2 protein chains.
Amino acid sequence: MVREATTEQRILEAAKKVFIRKGMAGARMQEVADEAGINKALLHYYFRSKEQLFVGVFKGSAEKQFGCIWDSLKQSDMLFPAIETFVAGYMDRMIEEPQLPLFIANEMNRDPEGLADFIDRGKESRSGFLRLVEEAHARGEIIDIDPRELLVNIMALCVHPFIARPMLKHIHGFSDEAFRRMILKRKKTVPEFIIRSIRS
Amino acid sequence: MVREATTEQRILEAAKKVFIRKGMAGARMQEVADEAGINKALLHYYFRSKEQLFVGVFKGSAEKQFGCIWDSLKQSDMLFPAIETFVAGYMDRMIEEPQLPLFIANEMNRDPEGLADFIDRGKESRSGFLRLVEEAHARGEIIDIDPRELLVNIMALCVHPFIARPMLKHIHGFSDEAFRRMILKRKKTVPEFIIRSIRS
DNA sequence: ATCCGGTTTAACCAAATGGTTAATATTGCA
DNA sequence: TGCAATATTAACCATTTGGTTAAACCGGAT
(Lines give C-alpha, C1' and ligand atoms only; values in the text may rest on other atoms or scores of the structure.)
Protein backbone atom coordinates (compact mmCIF):
# COMPACT_ATOMS: atom_id res chain seq x y z
CA MET A 1 0.00 0.00 0.00
CA VAL A 2 3.01 2.25 0.41
CA ARG A 3 3.14 3.59 -3.11
CA GLU A 4 6.65 4.39 -4.25
CA ALA A 5 6.29 8.07 -5.00
CA THR A 6 8.74 9.42 -7.54
CA THR A 7 11.47 11.58 -6.07
CA GLU A 8 10.11 14.67 -7.79
CA GLN A 9 6.72 14.10 -6.19
CA ARG A 10 8.28 13.59 -2.79
CA ILE A 11 10.19 16.84 -3.21
CA LEU A 12 7.10 18.76 -4.24
CA GLU A 13 5.13 17.39 -1.30
CA ALA A 14 7.89 18.23 1.14
CA ALA A 15 8.40 21.67 -0.38
CA LYS A 16 4.71 22.38 -0.18
CA LYS A 17 4.69 21.55 3.50
CA VAL A 18 7.68 23.73 4.23
CA PHE A 19 6.65 26.65 2.04
CA ILE A 20 3.19 26.69 3.57
CA ARG A 21 4.64 26.46 7.05
CA LYS A 22 7.36 29.10 6.64
CA GLY A 23 6.51 31.05 3.51
CA MET A 24 8.84 31.56 0.57
CA ALA A 25 11.27 33.79 2.47
CA GLY A 26 11.30 31.70 5.63
CA ALA A 27 11.63 28.32 3.98
CA ARG A 28 15.07 26.70 3.89
CA MET A 29 16.21 24.40 1.12
CA GLN A 30 17.86 22.16 3.69
CA GLU A 31 14.58 21.80 5.52
CA VAL A 32 12.84 20.78 2.33
CA ALA A 33 15.56 18.24 1.66
CA ASP A 34 15.24 16.81 5.17
CA GLU A 35 11.47 16.69 4.91
CA ALA A 36 11.81 14.80 1.64
CA GLY A 37 14.54 12.59 3.07
CA ILE A 38 17.07 13.43 0.37
CA ASN A 39 20.26 15.33 -0.15
CA LYS A 40 20.10 19.06 -0.63
CA ALA A 41 21.96 18.89 -3.92
CA LEU A 42 19.24 16.65 -5.27
CA LEU A 43 16.80 19.50 -4.87
CA HIS A 44 18.83 21.57 -7.28
CA TYR A 45 19.05 18.59 -9.56
CA TYR A 46 15.27 18.55 -9.96
CA PHE A 47 14.61 22.26 -9.45
CA ARG A 48 17.39 24.55 -10.45
CA SER A 49 16.64 27.20 -7.83
CA LYS A 50 14.53 27.94 -4.80
CA GLU A 51 12.45 30.27 -6.92
CA GLN A 52 11.76 27.51 -9.43
CA LEU A 53 10.86 25.04 -6.70
CA PHE A 54 8.53 27.61 -5.24
CA VAL A 55 6.81 28.17 -8.55
CA GLY A 56 6.37 24.43 -8.89
CA VAL A 57 4.65 24.31 -5.53
CA PHE A 58 2.64 27.48 -5.96
CA LYS A 59 1.32 26.36 -9.34
CA GLY A 60 -0.35 23.32 -7.84
CA SER A 61 -1.61 25.24 -4.84
CA ALA A 62 -3.11 28.08 -6.86
CA GLU A 63 -4.66 25.46 -9.10
CA LYS A 64 -6.29 23.92 -6.07
CA GLN A 65 -7.44 27.25 -4.71
CA PHE A 66 -8.71 28.85 -7.90
CA GLY A 67 -8.71 26.36 -10.73
CA CYS A 68 -11.18 23.64 -10.15
CA ILE A 69 -13.31 25.66 -7.79
CA TRP A 70 -14.73 27.93 -10.40
CA ASP A 71 -15.80 24.91 -12.33
CA SER A 72 -18.32 24.08 -9.68
CA LEU A 73 -20.06 27.22 -10.77
CA LYS A 74 -20.61 25.84 -14.23
CA GLN A 75 -22.51 22.86 -12.99
CA SER A 76 -25.68 24.87 -12.65
CA ASP A 77 -27.23 27.68 -14.62
CA MET A 78 -29.32 28.75 -11.64
CA LEU A 79 -27.74 31.24 -9.28
CA PHE A 80 -28.75 29.82 -5.90
CA PRO A 81 -27.68 26.23 -6.58
CA ALA A 82 -24.48 27.59 -8.10
CA ILE A 83 -23.73 29.47 -4.89
CA GLU A 84 -24.48 26.40 -2.80
CA THR A 85 -22.25 24.20 -4.93
CA PHE A 86 -19.47 26.75 -4.97
CA VAL A 87 -19.39 27.29 -1.23
CA ALA A 88 -19.58 23.60 -0.41
CA GLY A 89 -16.91 22.81 -2.99
CA TYR A 90 -14.56 25.43 -1.65
CA MET A 91 -15.00 24.30 1.94
CA ASP A 92 -14.46 20.67 1.03
CA ARG A 93 -11.22 21.45 -0.70
CA MET A 94 -9.80 23.88 1.81
CA ILE A 95 -10.66 21.81 4.84
CA GLU A 96 -7.99 19.40 3.64
CA GLU A 97 -5.38 22.14 3.66
CA PRO A 98 -6.61 24.92 5.91
CA GLN A 99 -3.42 26.92 5.62
CA LEU A 100 -3.56 27.17 1.86
CA PRO A 101 -5.62 30.38 1.57
CA LEU A 102 -3.27 32.32 3.82
CA PHE A 103 -0.28 30.96 1.94
CA ILE A 104 -1.72 32.09 -1.39
CA ALA A 105 -2.79 35.49 -0.11
CA ASN A 106 0.60 36.01 1.38
CA GLU A 107 2.63 35.17 -1.66
CA MET A 108 0.31 37.10 -3.94
CA ASN A 109 1.04 40.08 -1.76
CA ARG A 110 4.75 39.46 -1.97
CA ASP A 111 4.95 39.18 -5.74
CA PRO A 112 1.70 40.23 -7.41
CA GLU A 113 3.22 40.58 -10.87
CA GLY A 114 5.04 37.31 -11.03
CA LEU A 115 2.14 35.22 -9.76
CA ALA A 116 -0.65 37.02 -11.56
CA ASP A 117 -0.79 34.42 -14.32
CA PHE A 118 -1.88 31.70 -11.96
CA ILE A 119 -5.10 33.40 -11.02
CA ASP A 120 -6.02 34.38 -14.56
CA ARG A 121 -7.02 30.81 -15.27
CA GLY A 122 -10.43 31.22 -13.63
CA LYS A 123 -11.24 34.29 -15.68
CA GLU A 124 -13.95 32.75 -17.87
CA SER A 125 -15.59 30.93 -14.99
CA ARG A 126 -15.66 34.16 -13.08
CA SER A 127 -17.32 36.17 -15.81
CA GLY A 128 -19.71 33.25 -16.21
CA PHE A 129 -20.74 33.71 -12.61
CA LEU A 130 -21.20 37.45 -13.03
CA ARG A 131 -23.53 36.76 -15.95
CA LEU A 132 -25.45 34.33 -13.79
CA VAL A 133 -26.04 37.09 -11.28
CA GLU A 134 -27.21 39.53 -13.91
CA GLU A 135 -29.61 36.98 -15.34
CA ALA A 136 -31.00 36.18 -11.91
CA HIS A 137 -31.59 39.86 -11.38
CA ALA A 138 -33.23 40.20 -14.79
CA ARG A 139 -35.58 37.39 -13.85
CA GLY A 140 -36.40 39.26 -10.65
CA GLU A 141 -35.03 36.51 -8.43
CA ILE A 142 -32.59 38.76 -6.61
CA ILE A 143 -32.31 42.38 -5.64
CA ASP A 144 -30.15 44.87 -7.48
CA ILE A 145 -26.57 44.27 -6.39
CA ASP A 146 -23.20 44.77 -8.04
CA PRO A 147 -22.30 41.23 -9.18
CA ARG A 148 -18.63 41.76 -8.52
CA GLU A 149 -19.39 42.91 -5.02
CA LEU A 150 -21.53 39.85 -4.44
CA LEU A 151 -18.67 37.67 -5.59
CA VAL A 152 -16.30 39.40 -3.19
CA ASN A 153 -18.77 38.82 -0.37
CA ILE A 154 -19.13 35.15 -1.21
CA MET A 155 -15.38 34.69 -1.33
CA ALA A 156 -15.05 36.62 1.93
CA LEU A 157 -17.45 34.33 3.77
CA CYS A 158 -15.66 31.28 2.39
CA VAL A 159 -12.06 32.33 2.83
CA HIS A 160 -12.02 34.28 6.05
CA PRO A 161 -12.38 31.45 8.55
CA PHE A 162 -9.21 29.90 7.14
CA ILE A 163 -7.33 33.20 7.22
CA ALA A 164 -8.43 33.89 10.77
CA ARG A 165 -8.04 30.30 11.88
CA PRO A 166 -5.42 30.91 14.57
CA MET A 167 -7.54 33.68 16.03
CA LEU A 168 -10.75 31.69 15.91
CA LYS A 169 -9.03 28.71 17.46
CA HIS A 170 -7.79 30.88 20.28
CA ILE A 171 -10.97 32.86 20.87
CA HIS A 172 -13.33 29.92 20.76
CA GLY A 173 -10.86 27.41 22.06
CA PHE A 174 -11.31 25.33 18.94
CA SER A 175 -9.38 22.16 18.46
CA ASP A 176 -8.54 21.12 14.92
CA GLU A 177 -11.58 18.90 15.00
CA ALA A 178 -13.86 21.64 16.32
CA PHE A 179 -12.61 23.98 13.64
CA ARG A 180 -13.40 21.33 11.08
CA ARG A 181 -16.93 21.00 12.40
CA MET A 182 -17.42 24.74 12.23
CA ILE A 183 -16.39 24.75 8.59
CA LEU A 184 -18.70 21.86 7.79
CA LYS A 185 -21.53 23.75 9.45
CA ARG A 186 -20.75 26.78 7.34
CA LYS A 187 -21.18 24.73 4.18
CA LYS A 188 -24.89 25.07 4.92
CA THR A 189 -25.17 28.36 6.77
CA VAL A 190 -23.05 30.52 4.49
CA PRO A 191 -25.16 29.94 1.36
CA GLU A 192 -28.24 30.54 3.48
CA PHE A 193 -26.76 33.75 4.81
CA ILE A 194 -26.00 34.96 1.31
CA ILE A 195 -29.26 33.98 -0.30
CA ARG A 196 -31.33 35.53 2.48
CA SER A 197 -29.55 38.78 1.76
CA ILE A 198 -30.00 38.90 -2.00
CA ARG A 199 -33.36 37.18 -2.55
CA SER A 200 -35.94 39.71 -3.63
CA MET B 1 6.42 71.66 9.79
CA VAL B 2 8.98 68.89 9.41
CA ARG B 3 8.72 67.46 12.89
CA GLU B 4 12.00 66.07 14.14
CA ALA B 5 11.01 62.51 14.88
CA THR B 6 13.14 60.76 17.46
CA THR B 7 15.47 58.14 16.07
CA GLU B 8 13.53 55.35 17.76
CA GLN B 9 10.32 56.51 16.13
CA ARG B 10 12.01 56.72 12.73
CA ILE B 11 13.29 53.17 13.19
CA LEU B 12 9.89 51.85 14.19
CA GLU B 13 8.24 53.51 11.21
CA ALA B 14 10.83 52.17 8.81
CA ALA B 15 10.69 48.71 10.34
CA LYS B 16 6.93 48.66 10.09
CA LYS B 17 7.13 49.46 6.40
CA VAL B 18 9.70 46.78 5.73
CA PHE B 19 8.12 44.09 7.92
CA ILE B 20 4.73 44.67 6.35
CA ARG B 21 6.24 44.62 2.87
CA LYS B 22 8.45 41.56 3.33
CA GLY B 23 7.21 39.75 6.42
CA MET B 24 9.36 38.85 9.40
CA ALA B 25 11.44 36.27 7.55
CA GLY B 26 11.88 38.29 4.39
CA ALA B 27 12.76 41.57 6.05
CA ARG B 28 16.44 42.54 6.20
CA MET B 29 17.91 44.61 8.98
CA GLN B 30 19.98 46.51 6.42
CA GLU B 31 16.83 47.44 4.53
CA VAL B 32 15.25 48.78 7.71
CA ALA B 33 18.38 50.79 8.40
CA ASP B 34 18.37 52.23 4.88
CA GLU B 35 14.69 53.05 5.09
CA ALA B 36 15.31 54.86 8.35
CA GLY B 37 18.39 56.54 6.96
CA ILE B 38 20.69 55.28 9.68
CA ASN B 39 23.51 52.85 10.26
CA LYS B 40 22.66 49.21 10.74
CA ALA B 41 24.48 49.06 14.06
CA LEU B 42 22.18 51.73 15.37
CA LEU B 43 19.27 49.36 14.95
CA HIS B 44 20.86 46.99 17.38
CA TYR B 45 21.58 49.89 19.67
CA TYR B 46 17.88 50.60 20.01
CA PHE B 47 16.56 47.08 19.51
CA ARG B 48 18.86 44.31 20.53
CA SER B 49 17.68 41.82 17.94
CA LYS B 50 15.50 41.47 14.87
CA GLU B 51 12.98 39.57 16.95
CA GLN B 52 12.77 42.40 19.46
CA LEU B 53 12.38 45.00 16.73
CA PHE B 54 9.62 42.91 15.23
CA VAL B 55 7.78 42.68 18.52
CA GLY B 56 8.05 46.44 18.87
CA VAL B 57 6.47 46.90 15.48
CA PHE B 58 3.85 44.21 15.89
CA LYS B 59 2.68 45.55 19.22
CA GLY B 60 1.61 48.84 17.72
CA SER B 61 0.08 47.22 14.66
CA ALA B 62 -1.96 44.67 16.57
CA GLU B 63 -3.15 47.46 18.80
CA LYS B 64 -4.45 49.25 15.74
CA GLN B 65 -6.12 46.13 14.35
CA PHE B 66 -7.75 44.87 17.52
CA GLY B 67 -7.56 47.53 20.15
CA CYS B 68 -9.79 50.46 19.47
CA ILE B 69 -11.97 48.76 16.89
CA TRP B 70 -14.03 46.74 19.29
CA ASP B 71 -14.86 49.87 21.19
CA SER B 72 -17.04 51.07 18.35
CA LEU B 73 -19.35 48.25 19.27
CA LYS B 74 -20.02 49.81 22.62
CA GLN B 75 -21.23 53.09 21.21
CA SER B 76 -24.71 51.76 20.65
CA ASP B 77 -26.97 49.35 22.43
CA MET B 78 -28.91 48.68 19.25
CA LEU B 79 -27.60 45.93 17.00
CA PHE B 80 -28.01 47.48 13.57
CA PRO B 81 -26.35 50.81 14.39
CA ALA B 82 -23.59 48.90 16.17
CA ILE B 83 -22.93 46.90 13.02
CA GLU B 84 -22.90 50.04 10.90
CA THR B 85 -20.51 51.80 13.25
CA PHE B 86 -18.23 48.79 13.52
CA VAL B 87 -17.93 48.22 9.79
CA ALA B 88 -17.38 51.88 8.98
CA GLY B 89 -14.85 52.19 11.78
CA TYR B 90 -12.89 49.17 10.64
CA MET B 91 -12.81 50.33 7.03
CA ASP B 92 -11.68 53.80 8.02
CA ARG B 93 -8.79 52.47 10.02
CA MET B 94 -7.64 49.81 7.61
CA ILE B 95 -7.85 51.98 4.52
CA GLU B 96 -4.90 53.87 5.93
CA GLU B 97 -2.81 50.70 6.05
CA PRO B 98 -4.40 48.17 3.73
CA GLN B 99 -1.66 45.63 4.20
CA LEU B 100 -2.06 45.44 7.94
CA PRO B 101 -4.70 42.69 8.13
CA LEU B 102 -2.62 40.32 6.03
CA PHE B 103 0.44 41.12 8.06
CA ILE B 104 -1.37 40.34 11.28
CA ALA B 105 -3.04 37.21 9.98
CA ASN B 106 0.28 35.99 8.75
CA GLU B 107 2.09 36.53 12.00
CA MET B 108 -0.77 35.06 14.01
CA ASN B 109 -0.32 31.96 11.95
CA ARG B 110 3.41 31.88 12.56
CA ASP B 111 3.25 32.35 16.30
CA PRO B 112 -0.29 31.89 17.67
CA GLU B 113 0.76 31.64 21.30
CA GLY B 114 2.76 34.84 21.49
CA LEU B 115 -0.08 36.98 20.28
CA ALA B 116 -2.88 35.63 22.38
CA ASP B 117 -2.70 38.65 24.67
CA PHE B 118 -3.63 41.08 21.93
CA ILE B 119 -6.76 39.20 21.05
CA ASP B 120 -7.84 38.80 24.61
CA ARG B 121 -7.94 42.54 25.04
CA GLY B 122 -11.18 42.77 23.04
CA LYS B 123 -12.81 39.96 24.95
CA GLU B 124 -15.40 42.01 26.83
CA SER B 125 -16.32 44.08 23.81
CA ARG B 126 -16.82 40.91 21.83
CA SER B 127 -19.02 39.23 24.40
CA GLY B 128 -20.87 42.52 24.63
CA PHE B 129 -21.60 42.25 20.94
CA LEU B 130 -22.76 38.66 21.29
CA ARG B 131 -25.20 39.78 23.97
CA LEU B 132 -26.42 42.53 21.66
CA VAL B 133 -27.26 39.88 19.09
CA GLU B 134 -29.11 37.74 21.58
CA GLU B 135 -31.13 40.69 22.79
CA ALA B 136 -32.01 41.70 19.26
CA HIS B 137 -33.19 38.18 18.64
CA ALA B 138 -35.20 38.18 21.86
CA ARG B 139 -36.88 41.38 20.73
CA GLY B 140 -37.73 39.66 17.48
CA GLU B 141 -35.65 42.08 15.40
CA ILE B 142 -33.51 39.43 13.81
CA ILE B 143 -33.81 35.80 12.84
CA ASP B 144 -32.32 32.97 14.85
CA ILE B 145 -28.60 32.91 14.11
CA ASP B 146 -25.56 31.80 16.06
CA PRO B 147 -24.13 35.12 17.32
CA ARG B 148 -20.58 33.90 17.00
CA GLU B 149 -21.19 32.90 13.44
CA LEU B 150 -22.67 36.29 12.68
CA LEU B 151 -19.57 37.92 14.12
CA VAL B 152 -17.35 35.77 11.94
CA ASN B 153 -19.39 36.77 8.92
CA ILE B 154 -19.14 40.46 9.74
CA MET B 155 -15.40 40.20 10.20
CA ALA B 156 -15.13 38.23 6.98
CA LEU B 157 -16.89 40.90 4.94
CA CYS B 158 -14.71 43.59 6.51
CA VAL B 159 -11.34 41.90 6.38
CA HIS B 160 -11.37 39.93 3.17
CA PRO B 161 -10.97 42.75 0.65
CA PHE B 162 -7.71 43.70 2.35
CA ILE B 163 -6.48 40.13 2.43
CA ALA B 164 -7.34 39.60 -1.22
CA ARG B 165 -6.21 43.06 -2.27
CA PRO B 166 -3.48 41.96 -4.68
CA MET B 167 -5.91 39.58 -6.37
CA LEU B 168 -8.71 42.12 -6.54
CA LYS B 169 -6.35 44.72 -7.90
CA HIS B 170 -5.23 42.34 -10.60
CA ILE B 171 -8.60 40.90 -11.49
CA HIS B 172 -10.45 44.20 -11.59
CA GLY B 173 -7.46 46.26 -12.65
CA PHE B 174 -7.86 48.43 -9.58
CA SER B 175 -5.43 51.22 -8.91
CA ASP B 176 -4.74 52.14 -5.31
CA GLU B 177 -7.30 54.87 -5.67
CA ALA B 178 -9.92 52.57 -7.18
CA PHE B 179 -9.36 50.08 -4.39
CA ARG B 180 -9.87 52.85 -1.91
CA ARG B 181 -13.15 53.82 -3.54
CA MET B 182 -14.33 50.22 -3.42
CA ILE B 183 -13.64 50.07 0.30
CA LEU B 184 -15.45 53.35 0.90
CA LYS B 185 -18.42 52.00 -1.01
CA ARG B 186 -18.41 48.89 1.14
CA LYS B 187 -18.72 51.02 4.26
CA LYS B 188 -22.35 51.36 3.20
CA THR B 189 -23.07 48.15 1.29
CA VAL B 190 -21.60 45.67 3.76
CA PRO B 191 -23.85 46.64 6.68
CA GLU B 192 -26.79 46.61 4.28
CA PHE B 193 -25.80 43.16 3.05
CA ILE B 194 -25.60 41.86 6.60
CA ILE B 195 -28.76 43.45 7.91
CA ARG B 196 -30.81 42.29 4.93
CA SER B 197 -29.74 38.76 5.78
CA ILE B 198 -30.56 38.77 9.47
CA ARG B 199 -33.57 41.09 9.72
CA SER B 200 -36.66 39.09 10.53
C1' DA C 1 38.39 73.95 27.72
C1' DT C 2 37.32 69.51 29.21
C1' DC C 3 35.15 65.77 30.61
C1' DC C 4 31.17 62.61 30.28
C1' DG C 5 27.11 60.25 29.02
C1' DG C 6 24.41 59.00 25.36
C1' DT C 7 24.45 58.55 20.21
C1' DT C 8 26.24 57.16 15.64
C1' DT C 9 29.33 55.03 12.56
C1' DA C 10 32.76 52.00 9.85
C1' DA C 11 34.83 47.80 9.97
C1' DC C 12 34.47 43.33 11.19
C1' DC C 13 32.82 38.36 12.36
C1' DA C 14 30.68 33.85 12.56
C1' DA C 15 26.89 31.36 11.11
C1' DA C 16 23.55 30.34 7.79
C1' DT C 17 22.13 29.73 3.16
C1' DG C 18 21.49 29.07 -1.84
C1' DG C 19 23.98 26.99 -5.07
C1' DT C 20 27.96 24.16 -7.43
C1' DT C 21 31.14 20.33 -8.42
C1' DA C 22 33.06 16.18 -8.89
C1' DA C 23 32.76 11.70 -7.64
C1' DT C 24 29.76 7.56 -6.65
C1' DA C 25 25.73 4.65 -7.03
C1' DT C 26 21.93 2.86 -9.71
C1' DT C 27 19.22 1.75 -13.54
C1' DG C 28 17.98 0.49 -18.15
C1' DC C 29 19.37 -1.50 -22.19
C1' DA C 30 22.50 -3.53 -26.12
C1' DT D 1 27.91 -8.63 -18.89
C1' DG D 2 29.15 -4.07 -19.88
C1' DC D 3 28.19 0.54 -20.86
C1' DA D 4 25.89 4.85 -21.07
C1' DA D 5 22.54 7.74 -18.96
C1' DT D 6 20.36 9.00 -14.98
C1' DA D 7 20.05 9.59 -10.00
C1' DT D 8 22.27 10.65 -5.56
C1' DT D 9 25.65 12.18 -2.43
C1' DA D 10 29.54 14.51 0.27
C1' DA D 11 32.34 18.23 0.24
C1' DC D 12 32.83 22.75 -1.02
C1' DC D 13 32.09 27.83 -2.25
C1' DA D 14 30.53 32.71 -2.40
C1' DT D 15 27.36 35.64 -0.59
C1' DT D 16 24.19 37.21 2.57
C1' DT D 17 22.80 38.29 7.09
C1' DG D 18 22.15 39.10 11.99
C1' DG D 19 24.96 40.72 15.25
C1' DT D 20 29.44 42.80 17.60
C1' DT D 21 33.24 46.00 18.59
C1' DA D 22 35.84 49.77 19.11
C1' DA D 23 36.36 54.17 17.78
C1' DA D 24 34.38 58.80 16.71
C1' DC D 25 30.84 62.33 17.44
C1' DC D 26 28.12 65.60 20.00
C1' DG D 27 25.62 68.29 23.38
C1' DG D 28 25.56 69.79 27.97
C1' DA D 29 27.34 70.23 32.73
C1' DT D 30 31.50 71.55 35.49
Side-chain angles (χ1 to χ4, degrees), chain A residues 2-61 103 106-111 113-115 118, chain B residues 2-61 103 106-107 109-111 113-115:
Chain A
V2 180
R3 301 292 304 254
E4 294 275 335
T6 145
T7 304
E8 189 173 341
Q9 285 174 330
R10 282 224 316 283
I11 291 178
L12 278 173
E13 262 174 62
K16 186 172 185 176
K17 270 190 210 170
V18 176
F19 277 130
I20 284 184
R21 206 159 51 214
K22 304 285 185 71
M24 162 66 170
R28 298 295 113 132
M29 294 297 268
Q30 186 60 58
E31 197 178 343
V32 175
D34 292 346
E35 182 85 36
I38 59 163
N39 187 286
K40 181 164 69 89
L42 199 55
L43 281 187
H44 291 88
Y45 178 75
Y46 282 93
F47 300 87
R48 226 160 283 169
S49 67
K50 188 184 182 183
E51 182 66 33
Q52 199 169 312
L53 176 57
F54 176 81
V55 169
V57 169
F58 189 85
K59 220 179 210 168
S61 297
F103 171 67
N106 213 25
E107 300 304 332
M108 288 297 293
N109 187 54
R110 195 186 51 106
D111 179 19
E113 313 299 329
L115 306 175
F118 297 109
Chain B
V2 180
R3 300 294 301 253
E4 292 276 335
T6 144
T7 304
E8 189 172 342
Q9 285 174 330
R10 281 224 316 281
I11 290 178
L12 278 173
E13 263 174 61
K16 186 172 185 175
K17 270 191 210 171
V18 175
F19 277 131
I20 284 185
R21 206 160 50 215
K22 304 284 184 71
M24 162 67 170
R28 299 295 112 130
M29 293 297 267
Q30 186 59 59
E31 197 178 343
V32 176
D34 292 346
E35 182 86 37
I38 58 162
N39 186 287
K40 181 165 69 90
L42 201 54
L43 281 188
H44 291 87
Y45 178 76
Y46 281 92
F47 299 88
R48 228 161 281 168
S49 67
K50 188 184 183 183
E51 182 66 33
Q52 199 170 312
L53 176 56
F54 181 82
V55 170
V57 168
F58 188 85
K59 232 176 202 165
S61 298
F103 173 66
N106 210 27
E107 192 48 34
N109 189 53
R110 209 191 54 129
D111 178 20
E113 310 304 326
L115 315 171

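Any value given below was found using the heavy atoms of this structure, including those in side chains, with hydrogens, waters and symmetry copies removed. The shown structure was predicted, so the numbers you read here are calculated from the model rather than taken from an experiment. Throughout, protein chains are lettered first and strands after them, A, B, ... in sequence-line order, and every chain is numbered starting at 1.
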Inset, instruction - Can you tell me the distance, in whole Å, between the CD atom of A/Q30 and the P atom of D/dA10? - result: 11 Å
Inset, instruction - May I have the distance from A/K40 (atom NZ) to D/dC12 (atom P), rounded to whole angstrom? - result: 14 Å
Inset, instruction - Assess B/R110 against B/F54: is NZ or CZ under 6.0 Å from the centre of the six-membered ring, and within 45 degrees of the ring's axis? - result: yes
Legend entry - Base of D/dG19 paired with side chain of B/K50 (donor-acceptor, under 3.5 Å): no
Inset, instruction - Report which part of the nucleic acid A/F47 touches: base, sugar-phosphate, or nothing (heavy-atom distance under 4.0 Å, all strands). - result: nothing
Inset, instruction - Specify the separation, in whole Å, of atom CD1 of B/I38 and atom P of D/dG19. - result: 14 Å
Legend entry - Over all atoms of both residues, closest heavy-atom pair of A/E107 and A/L115: O-CD1, 3.3 Å
Inset, instruction - For B/N39 and D/dA22, give me the distance from atom CG to atom P, rounded to whole Å. - result: 16 Å
Inset, instruction - Would you please classify the geometry between the B/F103 ring and the B/F58 ring as parallel, tilted or perpendicular, with 30° and 60° separating the classes? - result: tilted
Inset, instruction - Send over the distance from B/E51 CD to D/dT17 P, rounded to a whole Å. - result: 18 Å
Legend entry - Nearest to side-chain heavy atoms of B/A41, which nucleotide of D/dA10, D/dA7, D/dT20: D/dT20
Legend entry - Residue closer to the 5' end of DNA chain C, B/T7 versus A/M29 (nearest nucleotide): B/T7
Legend entry - Residue mapping more 5' on DNA chain D - nearest nucleotide basis, A/L42 or B/S49: A/L42
Legend entry - Check: A/M24 main-chain N/O paired with A/K50 side-chain donor or acceptor under 3.5 Å: yes
Legend entry - Rounded interatomic separation in angstrom, taking CG from B/L43 and P from D/dT20: 12 Å
Inset, instruction - Have a look at B/A27 and say if it touches a base, only the backbone sugar-phosphate, or nothing, with a 4.0 Å heavy-atom cut-off. - result: sugar-phosphate
Inset, instruction - Give the rounded distance in Å between these two atoms: CD1 of A/I11 and P of D/dA7. - result: 11 Å
Inset, instruction - Respond yes when some side-chain nitrogen or oxygen of A/R28 is under 4.0 Å from OP1 or OP2 of C/dA16, and no when none is. - result: no
Legend entry - side chain to side chain contact (heavy atoms under 4.5 Å, CB included) evaluation trace for B/L43 with B/F47: CA-CA 6 Å; B/L43 281 188; B/F47 299 88; 5.6 Å; no
Legend entry - Whole-Å distance separating the CD atom of B/E31 from the P atom of D/dT17: 9 Å
Inset, instruction - Report the nucleotide, chosen from C/dT20, D/dT20, C/dA10, that has the shortest atom-to-atom distance to any side-chain atom of B/H44. - result: D/dT20
Inset, instruction - Return the nearest nucleotide to the side chain of B/Y45; candidates are D/dT8, C/dG6, C/dG19. - result: C/dG6
